[in-house]
Number of protein chains: 2
Amino acid sequence: MATLKDVARLAGVSVKTVSNVVNGYSFVKPDNRRRVEEALEATGYRPNLGARNLRRGRTGFIALVLPELSIPYFAELAGLVIAAAQEHEWNVLIEQTFGTLSGERQALASLGPHLVDAAILSPEALQVEDFQLSVPAVLLGEHDVEVPISRVGIDNVAAAMTAVRHLISLGRTRIAAIGAHPQRGTAALRLEGYRAALEEAGLPFVSSLVVPAVNYHRADGAAAMRALLDLRNPPDAVFCFNDLLAVGAMRTAAERFVRVPHDLAIVGFDNNDESAYSSPSLTSVAPDKAAIARAAVDLLRQRADSPDLALDDVQTPFSLQVRESTVAR
Amino acid sequence: MATLKDVARLAGVSVKTVSNVVNGYSFVKPDNRRRVEEALEATGYRPNLGARNLRRGRTGFIALVLPELSIPYFAELAGLVIAAAQEHEWNVLIEQTFGTLSGERQALASLGPHLVDAAILSPEALQVEDFQLSVPAVLLGEHDVEVPISRVGIDNVAAAMTAVRHLISLGRTRIAAIGAHPQRGTAALRLEGYRAALEEAGLPFVSSLVVPAVNYHRADGAAAMRALLDLRNPPDAVFCFNDLLAVGAMRTAAERFVRVPHDLAIVGFDNNDESAYSSPSLTSVAPDKAAIARAAVDLLRQRADSPDLALDDVQTPFSLQVRESTVAR
DNA sequence: CATCGTTGTTCCAACGATGTAAAGACCGTG
DNA sequence: CACGGTCTTTACATCGTTGGAACAACGATG
């Protein structure tokens, strides 16, 4: 592999001059520039990023800390983050925490400043005291605890209200919620939105219609739905806190011969790609994932360049994708 | 951020002694070792990976080049590769090619030896002449062209035969195939297996029942299924070359009121997580993704340590997950 | 023609870690 | 107590790059 030295020898100039050409420094004689460029071409020179970053004090990487890539929402988001990072000449390092506190702590611990320039975090269990980071970071999604980190995400309360209002507008009155979770900040906010929409419509808040979910996997949605259908007075609609839960719920409904959407309307959250193709297709709250990815990376780029910018809180847009899983009674 | 120098000063020893302690060199006096360890603890020292790798000539990264993270198969695989790489102290850099030749060439070009120690490739369009790599690499999946690179994957012909034999054993006789593709090596192999299974059973090969797919997305499966249902004599079973195509096909069937599995049995390929939760759930060829990830990383570790090991071709196991989408006539 | 500013180039040091060689400490032995 | 051999530590160079200072060349200016 060719180094600057090799190129310099071939072009008959100093190493620094080659470096200047590579980095687009203006004052290089046309003649030398040509010779250097020819030598670069001839040797197929590619800068050694390790060395460059050692010298510059940057690494060229950002970390993306998320629960699990096998969860479609995070996979889709990761793809978008990678694309957005590329435009800032950043490479993305993905760390999976599997949603556990220890996994998250471990991921954070490995985020020394020599490994990454910045980090995008999507934690589920972290405590306030864990957020002692040595690099600029941004939190994806809202959390109910106050942490000294910038955030990017949608307004979860408003989004949940939109979903539940939609169900109410269809004449549904016994609306369940799947996905309550004592630790998750977003869960608390979505529950708050659910509650607010019910209240607004004068519907009672029935605690037996609120089902927790340990994880947010399909199996958890299926189990929660079983519990709901076993109630003496089952719901006529369900608001699921993510699409996987909704898919699980739909599966249980099908097994129990409960007709979706007629007997049971279902709304999900995240608008996964798969949700447009289920039968029936799933109505879902659709955060603008590309906007989230872009905003997060942009925010980090700014913080990486000037570290003491104030905290920011970027609200990205969302919409409600109405599909077959919700119709009027 | 503390460096070896800081630790050395604090412990009252030379930089190299600290380095020796950090790297587990045996001959350090207990007394010094203790002092160094205390100093390491006190300063919270973490090695600068850039510098270490510059010196050692390795980067600590491997590349995972794949079409798109939003495709569940690759997302699941990526998660497993990351986990497997972690055990070898490798970080994974994901590059998306979006299945285009230019995207793949670009990804390959960026794989200089100073960026990554090795690479895992999942190409779709690359030509033989593109495989001039400067780092050890392994190809995921089989390809019909011969390339001088080690491979890891299942036996696609056998897997396809297993799927089609299953349909035949259920009494299906007009079996379609969705996913033919002129460029993709795996497509050719799966088609070969499809053909072989038909022949073995004495069933005719009907070319109108073989539908190509440009991409392997859900929409392509839906479109292909529409074409099949428009035939004068539509199929009673479909073998889809991946689960996304199968999900699309199921969706079209539902829209057209074709009953799956009774009127139409469907088999997919990849066994995505979502396939267990569709209604009906999807029978699918299930490659052992964890085994693939592990084998690929292990193989690269060996090649990284001793670069001139011979080419290898690891066959990983697969099974057929029979679910609701296939029953006897 | 001495001086100056501009332009272009080179030399040197540094980023933080590690391999090498050599020096130093320490032991037992003759 | 000099010697050799085994531990233990250190100084130094080095990986490939870039920032800064120094230097060199140049025409223009007074």
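In what follows, chains are A, B, ... by sequence order, proteins preceding strands, each numbered from 1.
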- Task: Taking A/Arg35 for its side chain and A/Ala11 for its backbone only, find out whether a donor-acceptor pair lies under 3.5 Å.
- Result: yes

- Query: Would you say a side-chain N or O of A/Thr17 is under 4.0 Å from OP1 or OP2 of C/dT10?
  - Reply: yes

- In whole angstroms, how far is the P atom of D/dT8 from the OH atom of B/Tyr25? 9 Å

- Message: Looking at B/Thr100, is its backbone amide N or carbonyl O close enough to the side chain of B/Glu124 to form a donor-acceptor pair, meaning the two atoms are under 3.5 Å apart?
- Response: no

- Quick one: CD on B/Gln302 to OG on B/Ser150, what's the gap to the nearest 0.5 Å? 9.5 Å

- Message: Does the Lys NZ or Arg CZ of B/Arg184 fall within the cation-pi geometry relative to B/Tyr216 - under 6.0 Å from the ring centre and within 45° of the axis?
- Response: yes

- Query: What integer distance in Å separates A/Phe27:CZ from C/dG8:C1'?
  - Reply: 9 Å

- Is there a Watson-Crick or G-U wobble partner for D/dC3 with both distances under 3.5 Å, and which nucleotide is it? C/dG28

- Atom pair CD (B/Gln96) and CD1 (B/Ile71), whose distance is rounded to the nearest 0.5 Å: 9.0 Å

- Query: Using a cut-off of 4.0 Å between protein heavy atoms and nucleotide atoms, how would you tag nucleotides 11-22 of chain D 5' to 3' with B, S and -?
  - Reply: B-BBBBBBBB--

- Task: Rounded to the nearest 0.5 Å, what's the gap from CG on A/Leu54 to OG1 on A/Thr59? Could you check?
- Result: 11.5 Å

